[in-house]
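Proteins come first, then strands; the chains are lettered A, B, ... in the order of their sequence lines, and each starts at number 1.
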2 protein chains.
Amino acid sequence: MGVTIKDIAKEIGVSYATVSRALNDHPDVNDDTKKKVLRISKEMGYKPNDIARGLVRQETNTIGLLIPDITNPFYPQVARGVEEAAAAAGYNVFLCNTNWNKEREKHYIDALLQKQVDGLIMTPSSEELEHLTAVLKSRVETVFVSSFIKHADFTSVIVDNVRGAEMAVEYLIEKGHQNIGFIGAGEGRFANKERLKGYKQALENHGLEVKAENVRDQQGSYKRKSGYFLMNELLKLPETPTAIFCYNDLLALGAIQAIKENGREVPQDIAVIGFDDISFASLPEIQLTTVSQPKYDMGKIALETLVDKIKTKSKQAVNRRIILDPSLIIRQTS
Amino acid sequence: MGVTIKDIAKEIGVSYATVSRALNDHPDVNDDTKKKVLRISKEMGYKPNDIARGLVRQETNTIGLLIPDITNPFYPQVARGVEEAAAAAGYNVFLCNTNWNKEREKHYIDALLQKQVDGLIMTPSSEELEHLTAVLKSRVETVFVSSFIKHADFTSVIVDNVRGAEMAVEYLIEKGHQNIGFIGAGEGRFANKERLKGYKQALENHGLEVKAENVRDQQGSYKRKSGYFLMNELLKLPETPTAIFCYNDLLALGAIQAIKENGREVPQDIAVIGFDDISFASLPEIQLTTVSQPKYDMGKIALETLVDKIKTKSKQAVNRRIILDPSLIIRQTS
DNA sequence: ATGAAAGCGCTAACAA
DNA sequence: TTGTTAGCGCTTTCAT
C-alpha cells in the first residue's frame with residue numbers, strides 16, 4: 001500500500017500515536033512536532049486510510065442512496081441535492097438504482113449495511129415492509145425521500161402530494177373540465193396513493209363524480225410507455241375524459257403521445273397535467289403543465305436531516321415528516 | 001455494533017478462526033461445524049463487516065464513478081450500465097458528480113482514494129492532467145469513459161466520435177447543405193475535439209470550406225441554455241448556416257429553441273443534428289436527428305474492463321482504447 | 001507532550 | 001480439522 005502513519009513516525013523518530021494526534025490536530029501535541037509531522041507527511045505523500053479509521057471510529061462517513069429509477073430525471077436531481085450536501089458535510093454516497101425491484105433493493109440494503117454506512121436515504125420500491133426489515137433491525141439511521149411508510153418509525157422528506165394533485169385537478173375544473181382522468185402506476189406506492197387522493201378530493205369538493213373507469217393506476221410502470229399504454233385504454237372509453245392528471249411527467253409525456261397519435265389535440269381536445277417538473281417539461285416543444293417539486297432541495301434536506309440524526313444519534317429519536325410545498329406550473333398542455 | 005464473528009464463536013464454543021473459515025467456506029472445515037456455524041450465524045443475525053474484511057484483504061470491492069453532469073440524461077444511462085454490471089460482479093459504486101468542476105473532481109478523487117476504492121471509472125472534466133496526478137501516482141486501476149487522455153496510460157471506453165460526427169455532417173451535405181455550423185463547448189474536452197474533427201473532415205472531404213465563424217465551441221457549458229446562446233450568435237451572422245451539428249442533444253435542443261424563437265423553422269430553414277440520443281430525443285414533439293451512442297453498454301464495458309484490470313493486476317498492464325460504433329438516427333430535425 | 005499498548009472485526013499463516 | 005497468533009492502519013485510553 002501507500003505511506004502509512006508508521007512510516008512517518010519512523011522517519012521523524014516519534015511514536016506513531018504522536019503522528020496520529022498531530023494529523024488529527026489533537027490539542028496535546030507540541031507545535032513544532034505537529035508542524036514537522038504535517039510537513040513530512042505531505043512530503044511523503046501520505047493519505048489517511050479511511051477504512052482503517054472507520055474501523056476504529058465505528059463510522060465510515062458514508063451513506064447509501066437508494067433510488068428506483070435513475071433514468072427518470074426526477075431522481076438525478078434529488079441525487080444531486082443529496083450528493084452536494086453530502087460533499088459539504090464530509091460524506092460520500094453510494095448510489096444504488098433499484099429499478100423498482102424489491103429483490104435488488106433488498107440486496108443493496110444488505111450490501112450497504114455490510115459496508116457499514118452511517119445512514120441511508122431511500123425511495124423504497126414499495127410500501128411493503130418485509131424487505132426492509134434488515135434496515136429496521138440494524139437501526140441504521142434512515143430517511144425516506146418522496147415516500148412515507150406508515151407503521152414504521154422513519155423520517156421522511158416529501159412534497160405535499162395531496163395538495164399538489166388537488167391544485168392540478170382544481171385548475172382543470174376551473175377551466176371547465178368535468179370528466180377528468182387519472183393515470184398512475186403501482187397502487188402500492190405511497191406517492192401514488194396520495195396523488196390519487198388529491199385527485200379524488202378535488203373532484204368531490206366540486207361535486208364531481210369519481211368514475212372508476214377514469215382511474216388507471218393498477219398496472220404498468222412509471223415510465224413513458226406506460227403512460228402511452230394507459231392513455232390508449234382511456235381513449236377506448238365511450239366517454240373519454242377531456243383532461244388527464246398524471247402521476248408524473250414521464251407518464252404525461254406518454255399520454256400526450258397517445259392522444260396525438262389518436263388524432264386529437266392537446267390541450268384543445270384533451271388537457272394533460274404532469275407532476276415533478278423535470279427539466280424537459282419546459283422545452284418549447286413540450287411546454288407541459290405540471291406540479292413542480294423542489295427536487296434538489298428534497299435531496300439536500302434529506303441529507304442534512306440524516307446527518308443530523310447520525311450526529312445526535314439516539315438522543316432525539318423523534319421521527320418526523322418534512323413536507324415541502326408543490327407549485328403548479330401552467331404551460332401549454334392544459 | 002452488531003453480532004461479530006467472536007460472538008458466534010463463543011456461542012458455539014469454537015475458535016473464531018473456525019467461524020471465519022466456515023463463513024468463507026474454506027475447504028478445510030468439518031461439514032458439521034460448517035453447518036452449525038451457518039445456522040447459528042443466521043439465527044443471531046450476523047452480517048459480515050466489509051470494512052474489517054477490506055482492511056485485511058486490502059480490497060474493498062468498491063469502485064468510484066466520477067461523472068461530470070448527472071443532469072444530462074446521457075450520464076445516468078452510463079451510470080446504470082456501470083451500476084448493474086458492478087452489482088453483478090459484486091462491487092459497489094460511489095457516485096460522484098463533478099459538475100465539470102476541476103476542484104470538485106480533485107476533491108472527490110482524493111476522497112475515493114482514501115476510501116481505498118479498488119478502481120475508478122471517470123469522465124474527467126478536462127484533458128489537463130495536473131489534477132489527476134493523485135490517481136496517476138496512486139496506481140489505482142482506472143478506466144475512462146467517453147474520454148481519452150493522451151500522454152497518459154489509461155484504458156478508455158469511447159464511441160468513435162470522429163466517425164459519428166462525420167456521419168452526421170455527411171448526411172447533411174448529402175441533403176444539399178453547404179453552409180453547416182458546429183456548436184460545442186469547452187475546447188479542452190477530448191470528445192469535443194474529436195467531434196469537431198469529424199465535422200471538419202466531412203466538410204473537407206466534400207470540398208467545403210470550414211468557416212471559423214461557423215464553429216462555436218469556445219465558451220459555455222454542455223447544457224441547453226448554452227446551445228440556445230450559441231445558436232443566437234450564429235443567427236446574427238450575415239450568412240447563417242442552413243444546418244447545425246451540435247456536440248450533444250442538450251445543445252441541440254437549445255439551438256432549436258433559439259431557431260424557433262427567431263421565427264425560423266426546423267428543419268425547413270435550419271436543420272439540426274445532435275449527439276447521444278438521450279431518451280427525450282425520440283419524443284414525438286422533439287424527433288431529434290442524432291448520433292446514438294451505446295450508453296448503457298459503455299458503462300457496462302467500462303466496469304467489466306475495470307474489474308478485469310483489478311483482478312489481473314499488474315500482470316497485463318496493457319492499456320487500450322475500446323472504441324464502440326455510433327449510429328446516425330434520422331428523425332425530423334434534419 | 002509523548003509513548004506503550006489495546007483493540008476495532010476480520011483473514012491468514014503457522015502450529016497442533 | 002481446528003486453534004493460536006499476528007496483523008491490516010488507525011484511534012484512544014492509560015501511563016509516564
Out of C:dC8, C:dA1, C:dC10, minimum distance to the side chain of A:Asn30 belongs to C:dA1
Protein-nucleotide distance (A:Ile5, atom CD1; C:dG3, atom C1'), rounded to Å: 13 Å
Regarding the side chain of A:Arg53, the nearest nucleotide among D:dC10, C:dT11, D:dG9 is D:dC10
Assess whether side chain to side chain contact (heavy atoms under 4.5 Å, CB included) is satisfied between B:Ile70 and A:Glu83, documenting all intermediate values. CA-CA 11 Å; B:Ile70 199 176; A:Glu83 232 259 323; over 6 Å; no
Show your working on side-chain hydrogen bond (donor to acceptor under 3.5 Å, both in side chains) between A:Thr62 and A:Asn92 and close with a plain yes or no. CA-CA 5 Å; A:Thr62 292; A:Asn92 280 91; 5.3 Å; no
Tell me whether the OP1 or OP2 atom of D:dT11 has a side-chain N or O from A:Ser20 closer than 4.0 Å. yes
Would you say the side chain of B:Asn192 lies within less than 4.5 Å of the side chain of B:Tyr222, judging by non-hydrogen atoms? yes
Rounding to an integer number of Å, can you tell me how far A:Lys10 NZ sits from C:dG3 P? 15 Å
Hey, which sits more toward the 5' end of DNA chain D by its nearest nucleotide, A:Arg21 or B:Thr18? B:Thr18
Expressed in angstrom and rounded to an integer, what is the separation of A:Asp25 atom CG from D:dT12 atom P? 13 Å
Selected nucleotide, minimal atom distance to B:Ala17 side chain, candidates D:dT12, C:dA12, C:dC8: C:dA12
Do B:Leu132 and B:Met122 come within less than 4.5 Å of each other through their side chains, counting heavy atoms only? yes
What integer distance in Å separates B:Glu59:CD from D:dC8:C1'? 13 Å
Would you kindly give the NE2-to-C1' distance between A:His26 and D:dT12, to the nearest whole Å? 9 Å
Nearest whole Å is fine: how far is D:dT11 P from B:Gln114 CD? 11 Å
Under-4.0 Å side-chain N/O to phosphate OP1/OP2 contact, A:Asn24 with D:dT11: yes
d(CG, A:Leu23; P, D:dT11) in whole Å: 7 Å
Would you say D:dG9 has OP1 or OP2 under 4.0 Å from some side-chain N or O of B:Gln58? yes
Using atom CD1 of A:Ile12 as one end and atom C1' of C:dT2 as the other, report the distance to the nearest whole Å. 13 Å
Shortest side-chain distance from B:Tyr46, nucleotide among D:dC10, C:dC10, C:dT2: C:dC10
Are B:Arg189 and B:Ser147 close enough that some pair of their side-chain heavy atoms sits under 4.5 Å apart? yes
Can you tell me how far OG of A:Ser41 sits from NZ of A:Lys47, rounded to the nearest 0.5 angstrom? 10.5 Å
Is there a side-chain polar atom (N or O) of B:Thr33 under 4.0 Å from OP1 or OP2 of D:dT2? yes
With a non-hydrogen cut-off below 4.0 angstrom, is B:Asp28 in contact with a base, only sugar-phosphate, or nothing? base
So if I take every side-chain heavy atom of B:Val14 and compare against C:dC10, D:dG9, D:dG3, which nucleotide ends up nearest? D:dG3
With respect to the side chain of B:Ser15, which nucleotide from D:dT1, D:dG3, C:dC10 is positioned closest? D:dG3
Report the nucleotide, chosen from C:dT11, D:dC8, D:dT12, that has the shortest atom-to-atom distance to any side-chain atom of B:Arg57. C:dT11
Could you please name the option among C:dC8, D:dT11, D:dG9 that lies closest to any side-chain atom of A:Tyr16? D:dT11
